[in-house]
*Asks:* 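Dropping a structure here in C-alpha coordinates format, bear with me for questions.
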Amino acid sequence: MTYQDVFVEFWEQVKESIKEETFAKLTMAKTIGKPELKNIFLRPIYSEDDFRVLLKYNFRPRETEDIEEEMSLDEALVIVKSHLKTSFLSVLLFSTKKDVVFKVNKKGVGTITENHPTFKNVN
(Lines give C-alpha, C1' and ligand atoms only; values in the text may rest on other atoms or scores of the structure.)
Protein backbone atom coordinates (compact mmCIF):
# COMPACT_ATOMS: atom_id res chain seq x y z
CA MET A 1 0.00 0.00 0.00
CA THR A 2 1.39 3.41 -0.96
CA TYR A 3 1.74 6.26 1.51
CA GLN A 4 -0.97 8.09 -0.47
CA ASP A 5 -3.46 5.30 0.29
CA VAL A 6 -2.58 5.38 3.98
CA PHE A 7 -2.88 9.18 3.95
CA VAL A 8 -6.45 8.86 2.62
CA GLU A 9 -7.26 6.72 5.68
CA PHE A 10 -5.63 9.33 7.92
CA TRP A 11 -7.57 12.18 6.29
CA GLU A 12 -10.82 10.28 6.89
CA GLN A 13 -9.99 10.41 10.60
CA VAL A 14 -9.43 14.17 10.29
CA LYS A 15 -12.87 14.60 8.71
CA GLU A 16 -14.46 12.35 11.33
CA SER A 17 -12.96 14.44 14.15
CA ILE A 18 -14.38 17.58 12.53
CA LYS A 19 -17.80 15.96 12.18
CA GLU A 20 -17.69 14.95 15.86
CA GLU A 21 -16.37 18.44 16.79
CA THR A 22 -13.33 16.93 18.51
CA PHE A 23 -10.74 18.37 16.07
CA ALA A 24 -8.25 20.53 18.01
CA LYS A 25 -5.25 21.00 15.69
CA LEU A 26 -3.30 19.46 12.84
CA THR A 27 0.47 19.88 12.57
CA MET A 28 2.90 18.98 9.82
CA ALA A 29 6.31 18.13 11.31
CA LYS A 30 9.56 16.25 10.71
CA THR A 31 11.01 18.53 8.08
CA ILE A 32 13.22 17.18 5.35
CA GLY A 33 16.59 18.90 5.64
CA LYS A 34 16.74 22.39 7.17
CA PRO A 35 14.16 24.38 5.21
CA GLU A 36 12.95 27.82 6.24
CA LEU A 37 9.43 26.45 6.63
CA LYS A 38 9.43 24.90 10.11
CA ASN A 39 5.79 23.79 10.53
CA ILE A 40 2.33 24.06 9.06
CA PHE A 41 -0.56 24.22 11.52
CA LEU A 42 -4.30 23.93 10.98
CA ARG A 43 -6.62 25.20 13.69
CA PRO A 44 -10.40 24.84 13.58
CA ILE A 45 -12.83 27.67 13.06
CA TYR A 46 -16.23 26.27 14.00
CA SER A 47 -19.31 28.25 13.02
CA GLU A 48 -22.99 27.42 12.72
CA ASP A 49 -22.96 27.51 8.90
CA ASP A 50 -19.57 26.17 7.95
CA PHE A 51 -16.30 24.67 9.14
CA ARG A 52 -13.11 26.45 8.14
CA VAL A 53 -9.51 26.24 9.26
CA LEU A 54 -6.83 28.76 9.99
CA LEU A 55 -3.71 27.56 8.18
CA LYS A 56 -0.46 28.93 9.59
CA TYR A 57 2.98 28.66 7.99
CA ASN A 58 5.63 28.84 10.73
CA PHE A 59 9.12 29.80 9.55
CA ARG A 60 12.50 28.98 11.10
CA PRO A 61 14.23 32.36 10.87
CA ARG A 62 12.51 34.56 13.43
CA GLU A 63 12.87 37.52 11.09
CA THR A 64 10.44 35.85 8.67
CA GLU A 65 6.89 36.58 9.70
CA ASP A 66 4.45 33.68 9.93
CA ILE A 67 1.67 33.57 7.34
CA GLU A 68 -1.94 32.82 8.30
CA GLU A 69 -4.82 32.11 5.93
CA GLU A 70 -8.44 31.15 6.55
CA MET A 71 -9.73 28.47 4.17
CA SER A 72 -11.95 25.44 3.70
CA LEU A 73 -10.77 21.98 4.69
CA ASP A 74 -10.61 20.96 1.01
CA GLU A 75 -8.32 23.90 0.24
CA ALA A 76 -6.14 22.97 3.22
CA LEU A 77 -5.95 19.35 2.01
CA VAL A 78 -4.37 20.50 -1.25
CA ILE A 79 -1.68 22.41 0.68
CA VAL A 80 -1.02 19.57 3.13
CA LYS A 81 -0.68 17.03 0.31
CA SER A 82 1.65 19.32 -1.65
CA HIS A 83 4.08 19.51 1.31
CA LEU A 84 3.88 15.83 2.25
CA LYS A 85 7.06 13.94 1.41
CA THR A 86 8.57 17.08 -0.15
CA SER A 87 8.89 19.23 2.99
CA PHE A 88 7.45 17.11 5.81
CA LEU A 89 7.40 13.42 6.71
CA SER A 90 4.65 13.44 9.34
CA VAL A 91 1.23 14.89 10.02
CA LEU A 92 -0.25 14.89 13.53
CA LEU A 93 -3.97 15.11 14.20
CA PHE A 94 -4.80 16.31 17.69
CA SER A 95 -8.39 15.68 18.75
CA THR A 96 -10.04 15.47 22.13
CA LYS A 97 -10.58 11.72 21.61
CA LYS A 98 -7.10 10.68 20.43
CA ASP A 99 -3.94 11.86 18.72
CA VAL A 100 -3.29 10.28 15.33
CA VAL A 101 0.14 10.36 13.68
CA PHE A 102 0.69 9.76 9.97
CA LYS A 103 4.33 9.15 8.96
CA VAL A 104 6.12 8.45 5.69
CA ASN A 105 9.42 6.61 5.95
CA LYS A 106 12.40 6.93 3.59
CA LYS A 107 11.09 4.07 1.46
CA GLY A 108 7.80 5.91 0.92
CA VAL A 109 5.73 3.67 3.18
CA GLY A 110 3.01 5.36 5.22
CA THR A 111 1.95 4.36 8.73
CA ILE A 112 -0.70 5.53 11.18
CA THR A 113 -0.34 5.34 14.95
CA GLU A 114 -2.74 6.45 17.67
CA ASN A 115 -1.99 7.86 21.11
CA HIS A 116 -3.90 9.26 24.06
CA PRO A 117 -5.26 12.77 23.43
CA THR A 118 -3.06 15.79 24.14
CA PHE A 119 -6.00 18.22 24.14
CA LYS A 120 -8.96 18.11 26.53
CA ASN A 121 -11.05 20.61 24.53
CA VAL A 122 -10.98 22.19 21.08
CA ASN A 123 -10.34 25.79 22.17
*Asks:* For residues 89-100, which side-chain N or O atoms pair as donor and acceptor with protein atoms under 3.5 Å away, sequence neighbours left out?
*Replies:*
residue: S90; atom: OG; partner: A29; partner atom: O; Å: 3.3
residue: S95; atom: OG; partner: K97; partner atom: N; Å: 3.2
residue: S95; atom: OG; partner: K98; partner atom: N; Å: 3.1
residue: S95; atom: OG; partner: K98; partner atom: O; Å: 2.7
residue: K97; atom: NZ; partner: E20; partner atom: OE1; Å: 3.0
residue: K97; atom: NZ; partner: E20; partner atom: OE2; Å: 3.4
residue: K98; atom: NZ; partner: Q13; partner atom: OE1; Å: 3.2
residue: K98; atom: NZ; partner: E114; partner atom: OE2; Å: 3.2
residue: D99; atom: OD1; partner: T118; partner atom: N; Å: 3.2
residue: D99; atom: OD2; partner: T118; partner atom: N; Å: 3.2
residue: D99; atom: OD2; partner: T118; partner atom: OG1; Å: 2.3

*Asks:* Nearest 0.5 angstrom please: K25 NZ to L42 CG, how far?
*Replies:* 10.5 Å

*Asks:* Calculate, to the nearest 0.5 Å, the distance between atoms CH2 and CD belonging to W11 and Q4 respectively.
*Replies:* 15.0 Å

*Asks:* Are I18 and M71 linked, directly or through other ILVMFWY residues, by side chains that come within less than 4.5 angstrom of each other?
*Replies:* yes

*Asks:* List in chain and number order the residues that pass salt bridge (charged side-chain N to carboxylate O under 4.0 Å, His left out) with E63, two or more places apart in sequence or in another chain; answer none if no residue qualifies.
*Replies:* none

*Asks:* Name each donor-acceptor pair under 3.5 Å that joins a side chain in residues 103-113 to protein atoms two or more places apart or in another chain, with its distance.
*Replies:*
residue: N105; atom: OD1; partner: K107; partner atom: N; Å: 2.9
residue: N105; atom: OD1; partner: G108; partner atom: N; Å: 3.1
residue: N105; atom: OD1; partner: V109; partner atom: N; Å: 2.9

*Asks:* Distance check, rounded to the nearest 0.5 Å: N58 atom CG versus L37 atom CG?
*Replies:* 8.0 Å

*Asks:* Counting C-beta onward and ignoring hydrogens, is there a side-chain heavy-atom pair between L73 and F23 closer than 4.5 Å?
*Replies:* no

*Asks:* Between A76 and V53, which heavy-atom pair has the shortest distance, and what is it?
*Replies:* CB-CG2, 3.8 Å

*Asks:* Between T64 (side chain only) and R60 (backbone N and O only), is there a donor and an acceptor less than 3.5 Å apart?
*Replies:* no

*Asks:* Output the distance between atom CG (L55) and atom CD1 (I45), rounded to the nearest 0.5 Å.
*Replies:* 10.0 Å

*Asks:* Kindly write out the residues that satisfy ring-ring contact (aromatic ring centres under 6.0 Å, His included) with F88, not counting sequence neighbours, or none if the list is empty.
*Replies:* none

*Asks:* Tell me whether V14 is reachable from V8 by hopping between hydrophobic residues (I, L, V, M, F, W, Y) whose side-chain heavy atoms are closer than 4.5 Å.
*Replies:* no

*Asks:* Once salt bridge (Lys or Arg N to Asp or Glu O under 4.0 Å) is applied, what residue pairs with a partner in residues 64-83 remain, sequence neighbours excluded?
*Replies:* R52-E70, K56-D66

*Asks:* Over 60° means perpendicular and under 30° means parallel, so tell me whether F7 and F10 are parallel, tilted or perpendicular.
*Replies:* tilted

*Asks:* How many angstroms lie between atom CZ of F102 and atom CG of L84, to the nearest 0.5 angstrom?
*Replies:* 5.0 Å

*Asks:* I need the full list of salt bridge (Lys or Arg N to Asp or Glu O under 4.0 Å) pairs touching residues 35-46, with sequence neighbours left out, sorted by first then second residue.
*Replies:* none

*Asks:* Quick one: OG on S82 to CG on L77, what's the gap to the nearest 0.5 Å?
*Replies:* 9.5 Å

